[in-house]
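Residue numbers run from 1 in the order of the sequence given.
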Amino acid sequence: MSASGGGRAILAAFLANMGIALAKFIAWFLSGSASMLAEAIHSVADSGNQLLLMLGGRQAKKKADREHPFGYGRERYVYAFVVSIILFSVGGLFSIYEGVEKLTHPHELENAWIPIAVLVVAIVLESFSLRTAIRESNHVRARGQSWVSFVRHAKAPELPVVLLEDIAALTGLVFALFGVGMTVITHNPVFDAIGTLMIGTLLILVAITLGVETKSLLVGEGATDADHDRIVDAIVDGPEVEKIIHIKTLYLGPDELLVAAKLGLASDAPLVHVAADIDRVEARVRAAVPAARVIYFEPDVYRPGDDTTPPTSEFVIKSAD
């Protein structure tokens, strides 16, 4: 994901949510609608989430140091995980609490036209924010890849987070409009409470989805099947490597992939030739998968017809960055 693309989607969502949150709070104050209060808290939580995503992106750009030799790329995963927790607690649980409170202590809405007007305007604004997120996601989404697959397998967390937030926001606005509208039509405030409970349930489900997917990135994910195949093809696409003994990959950050492999080379190759061969293989891997920025190849002796690797003194050759 391009930083600018993710940044545009985050900024669009932040500006939309700040303006919408203020309007919702005003509408709640004038009408007493629990659905409007739940939506206002939802927008505030989303605004805070966008700030956290921007902070995570800034932190991830710090240069590697002795304490963190592989850099700070995973900061983006950490902040995305925090976003899921905030969405769950501040957004979802608070909305559930408000819905239960209004079910047990219902009251008539005042100036009901105000929250309805705010909700309609908010739906329009959130639609623009979602359109921006979809447009930026399409720049990095593989051709033919479903949206579910994109959210589940994207290594950069910002766009999937913003996408899910915007979808949840739009759906929540529809729930709130249902609650307020049915309350106005039936004069039964229970519908307002039901709308609030629906919003809370929605936010909790989205938060759990975000948490599960981000946790996988935090624990450590390897290259996708397609990128793994490209790396293997790049390694063997030349006369240097007789056999890949084993290979491991790990994303150090959304845009930085670690590739480590033990390669079987000709047993009679001089060290200077081995070093040159490793450099050529690394160049092919980086050309095939640009995210493979950190590469460690360990050469080992390979004898044709023998699938076992004899015990030898191991050494690692790494090209200069």
Applying the side-chain contact (heavy atoms from CB on, under 4.5 Å) criterion to Val259, which one of Val294, Leu250, Ile247 satisfies it?
Ile247

Mind checking the NE2-CD spacing from His273 to Glu240? Nearest 0.5 Å is all I need.
12.5 Å

Show the nearest heavy-atom pair for residues Thr196 and Ser95, with the distance to one decimal.
CG2-O, 3.1 Å

Qualifying residues under salt bridge (Lys or Arg N to Asp or Glu O under 4.0 Å), relative to Arg230, sequence neighbours excluded:
Asp227

Answer yes or no: are there more than 12 heavy-atom neighbours, outside Asp65 itself, under 6.0 Å from its atom CG?
yes

Mind checking what makes side chain to side chain donor-acceptor pair (under 3.5 Å) contact with Arg131, not counting sequence neighbours?
none

Is the backbone N or O of Gly179 less than 3.5 Å from a side-chain atom of Thr183, with the two atoms forming a donor-acceptor pair by type?
yes

Are Leu51 and Val82 linked, directly or through other ILVMFWY residues, by side chains that come within less than 4.5 angstrom of each other?
yes

Please name all residues satisfying side-chain contact (heavy atoms from CB on, under 4.5 Å) with Val212, sequence neighbours left out, ordered by chain then number.
Ile208

Could you list who else is in Val121's hydrophobic cluster, with ILVMFWY side chains joined at under 4.5 Å, directly or through other members?
Ile20, Leu125

Count I, L, V, M, F, W, Y as connected when their side-chain heavy atoms are under 4.5 Å apart, and connections chain through other members. Are Phe128 and Met18 then in the same cluster?
no

Glu101: which residues meet the salt bridge (Lys or Arg N to Asp or Glu O under 4.0 Å) condition with it, sequence neighbours left out?
none

Leu265 side chain near Glu242 side chain, heavy-atom distance below 4.5 Å:
no

Applying the 4.5 Å side-chain criterion to the ILVMFWY set and letting contacts propagate, would Val184 and Trp113 be lumped into a single cluster?
yes

Qualifying residues under ring-ring contact (aromatic ring centres under 6.0 Å, His included), relative to Trp147, sequence neighbours excluded:
Phe150

Run the side-chain contact (heavy atoms from CB on, under 4.5 Å) test on Val174 and Phe178 for me, step by step, so that the C-alpha distance in whole Å, both residues' side-chain angles and the decisive distance to 0.1 Å come before the verdict.
CA-CA 6 Å; Val174 173; Phe178 163 80; 5.6 Å; no

Taking side-chain contact (heavy atoms from CB on, under 4.5 Å) as the criterion, tell me which of Thr214, Leu218, Leu52 meets it with Val78.
Leu218

Applying side-chain contact (heavy atoms from CB on, under 4.5 Å) to Ala176 and not counting sequence neighbours gives Ser35, Glu39, Leu119, Ile199

His228 and Ile231: CA distance, side-chain angles, deciding distance, side-chain contact (heavy atoms from CB on, under 4.5 Å) verdict
CA-CA 5 Å; His228 184 275; Ile231 292 170; 5.7 Å; no

Whether the side chain of Arg76 engages the backbone of Pro254 through a donor-acceptor N/O pair (distance < 3.5 Å, no angle test) should be reported.
no

Residues in side-chain contact (heavy atoms from CB on, under 4.5 Å) contact with Ala234, at least two apart in sequence or another chain
Arg284, Val285, Ala288

Is there a side-chain contact between Leu263 and Pro299 (heavy atoms, below 4.5 Å)?
no

Counting neighbours of NZ on Lys248 that are heavy atoms of other residues, nucleotides or ligands and sit closer than 6.0 Å, is the number greater than 12?
no

CG-CG distance between Leu197 and Leu202, expressed to the nearest 0.5 angstrom:
12.5 Å

Heavy-atom closest contact (Ala287 atom, Pro290 atom, distance)
O-CD, 4.3 Å

Roughly how far, to the nearest 0.5 Å, is the CG atom of Leu258 from the OH atom of Tyr296?
7.0 Å

Roughly how far, to the nearest 0.5 Å, is CG of Asp277 from CD of Glu282?
11.5 Å

Test ring-ring contact (aromatic ring centres under 6.0 Å, His included) applied to Tyr72 - qualifying residues, sequence neighbours left out:
His68

Group every Ile, Leu, Val, Met, Phe, Trp and Tyr by side-chain heavy-atom contacts under 4.5 Å, then state whether Val124 and Val118 land in the same group.
no

Could you note down all residue pairs passing salt bridge (charged side-chain N to carboxylate O under 4.0 Å, His left out) where residues 188-206 supplies at least one of them, sequence neighbours left out?
none

Below 4.5 Å, heavy atoms only, C-beta onward: do Ile41 and Phe25 meet side chain to side chain?
yes

Val161/Leu210 under side-chain contact (heavy atoms from CB on, under 4.5 Å): CA gap, chis, key distance, verdict:
CA-CA 7 Å; Val161 169; Leu210 283 176; 3.8 Å; yes

All side-chain contact (heavy atoms from CB on, under 4.5 Å) counterparts of Leu55, not counting sequence neighbours:
Gln59, Tyr79

What pair of heavy atoms forms the shortest contact from Gly92 to Ile204, and how long is it?
CA-CG1, 3.8 Å

Distance-minimising heavy-atom pair for Leu252 and Arg74:
O-CG, 3.0 Å

Mind checking the CE-CH2 spacing from Met36 to Trp28? Nearest 0.5 Å is all I need.
11.0 Å

For the CZ atom on Arg135, are there more than 12 heavy atoms of other groups (residues, nucleotides or ligands in this structure) within a distance under 6.0 Å?
yes

Would you say Asn138 and Arg141 are linked by a side-chain donor-acceptor pair, where the criterion is simply a distance under 3.5 Å?
yes

By salt bridge (Lys or Arg N to Asp or Glu O under 4.0 Å) - contacts of Glu213 (at least two apart):
Arg152

Tell me whether Ile123 shares a hydrophobic cluster with Leu22, the cluster being built from Ile, Leu, Val, Met, Phe, Trp, Tyr side chains joined at under 4.5 Å.
yes

Arg286 and Arg293: which non-hydrogen atoms are nearest, and at how many Å?
NH2-O, 3.3 Å

If you look at every heavy atom in Ile116 and Leu177, which pair is closest and at what distance?
CG2-CD1, 4.2 Å

May I ask you to test the Thr132-Val162 pair for a side-chain heavy-atom distance under 4.5 Å?
no

Could you give me the CA-CA distance, side-chain angles and deciding distance for Leu203 and Ile96, then say whether side-chain contact (heavy atoms from CB on, under 4.5 Å) is met?
CA-CA 10 Å; Leu203 293 180; Ile96 294 290; over 6 Å; no

Measure the spacing between OH of Tyr97 and NZ of Lys102 and express it to the nearest 0.5 Å.
9.5 Å

